[in-house]
Amino acid sequence: MKNELLVLLAVLILSACNDNTKSGITQQPTLADYSVGEKWVWKYKGVTTEGEVRSDGTDTREIVSSNGVLGMTIGKDTIPVTEIVKPEESETPKYDWPLEVGKKWKYENNWTSQDGTTGKQSQDAEILSYQKETVEAGTFMAYTIKYTGKTTNSRGYSADETEIWLYAPAVKTFIKLTQNQGDFHYVEELIEYSKSK
């Protein structure tokens with residue numbers, strides 16, 4: 001009986017997510033939305049206005065199970081999915097859930113790099129549209145979210161930046177990122193998405 005209730009609850013959660021997507025309002029993904037074997041592959045490239053290639057490669061993430069606990073592989077690390085779906089307790093979040101066209105908010109991020117450099121990203125975010133978008137991995141309904149602001153660091157670096165993120169609820173993440181930061185142009189695009197058979 002308990003298992004039946006859990007299955008019913010999972011179905012209700014998934015159908016609620018689907019209904020929200022159809023109406024153009026999307027809630028944050030939950031643990032029940034992920035499955036073992038789910039895989040994402042992005043290609044990325046960053047080039048300066050002088051033509052210098054600073055980054056060029058692919059990034060793969062996959063859902064795995066360890067002792068019944070779902071995790072997402074990111075590089076050599078595996079992050080529990082429960083951490084990924086945990087609501088962000090911030091007044092300046094990356095994504096302000098639920099997502100809806102016309103929504104505006106402030107995004108701020110403070111960081112420290114491996115060499116000890118500290119920095120801050122401060123941006124104004126706005127959801128411009130929700131429509132079909134095509135990338136190498138396929139065509140998805142996606143939100144276009146525009147972030148405009150500035151990045152600074154403790155070494156005196158300061159640059160205006162504009163980022164366009166295409167977030168697709170069906171794959172629970174972004175399918176394309178286009179970033180212009182000072183003299184640096186960066187594009188990351190989803191080239192493969194698959195679920196376990």
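These figures come from a predicted structure and were not determined experimentally.
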Given side-chain hydrogen bond (donor to acceptor under 3.5 Å, both in side chains), test T73 with E62 step by step and report yes or no. CA-CA 5 Å; T73 60; E62 188 171 353; 5.3 Å; no
Between [atom1] of [X] and [atom2] of [Y], what distance do you get to the nearest 0.5 Å?
X	Y	atom1	atom2	value
K94	N109	NZ	CG	8.0 Å
E136	L190	CD	CG	9.0 Å
D33	Q28	CG	CD	10.0 Å
T134	K132	OG1	NZ	8.5 Å
I191	T60	CD1	OG1	7.5 Å
Q181	Y186	CD	OH	11.5 Å

Any side-chain heavy atom of [X] within less than 4.5 Å of one from [Y]?
X	Y	value
E188	D59	yes
T48	R54	yes
K39	Y193	no
E83	M72	no
P98	T26	no
T78	V64	yes
E163	T178	no
Y95	I145	yes

Run N180 and E161 through side chain to side chain contact (heavy atoms under 4.5 Å, CB included) and show every step you take. CA-CA 5 Å; N180 288 296; E161 62 188 352; over 6 Å; no
Tell me, with the steps shown, if T112 and T117 meet side chain to side chain contact (heavy atoms under 4.5 Å, CB included). CA-CA 6 Å; T112 303; T117 303; over 6 Å; no
Verify side chain to side chain contact (heavy atoms under 4.5 Å, CB included) between K146 and T162, making sure each step is shown before the conclusion. CA-CA 7 Å; K146 184 178 184 180; T162 301; 3.9 Å; yes
Could you pull out the closest heavy-atom pair between [X] and [Y], with the gap in Å?
X	Y	value
G182	A159	N-CB, 3.9 Å
S194	E192	OG-OE2, 4.1 Å
F140	V135	CE1-CG2, 4.1 Å
I175	A142	CD1-CB, 4.0 Å
W111	T152	CZ2-O, 4.2 Å

Do you reckon [X] sits in the same ILVMFWY cluster as [Y], going by side-chain contacts under 4.5 Å, direct or chained?
X	Y	value
W42	V171	yes
I74	W40	yes
V101	Y107	yes
F184	Y157	no
M141	L166	yes

Flag for E108-Q121: side-chain donor and acceptor within less than 3.5 Å: no
Scan side-chain atoms only and decide if S129 and T144 contain a donor-acceptor pair under the 3.5 Å cut-off. yes
So Y143 and Y167, would you call those rings parallel, tilted or perpendicular, with 30° and 60° as cut-offs? tilted
Classify the ring geometry between Y147 and W105 as parallel (under 30°), tilted (30 to 60°) or perpendicular (over 60°). perpendicular
Please walk me through it: do I84 and I79 pass side chain to side chain contact (heavy atoms under 4.5 Å, CB included)? CA-CA 8 Å; I84 294 166; I79 310 296; 4.1 Å; yes
L70, L31, T30, V69 screened by side chain to side chain contact (heavy atoms under 4.5 Å, CB included) with T82, the one that passes: L31
May I ask you to check if K195 and Y34 form a cation-pi contact, with NZ or CZ under 6.0 angstrom from the six-membered ring centre and within 45° of the axis? no
Using 4.0 Å as the upper bound for N to carboxylate O, is an ion pair formed by E38 and K172? yes
Is it the case that more than 12 heavy atoms not belonging to [X] sit under 6.0 Å from its [atom1] atom?
X	atom1	value
K176	NZ	no
D115	CG	yes
K103	NZ	yes

Taken in chain and number order and not counting sequence neighbours, the residues that satisfy side-chain hydrogen bond (donor to acceptor under 3.5 Å, both in side chains) with K45 are none
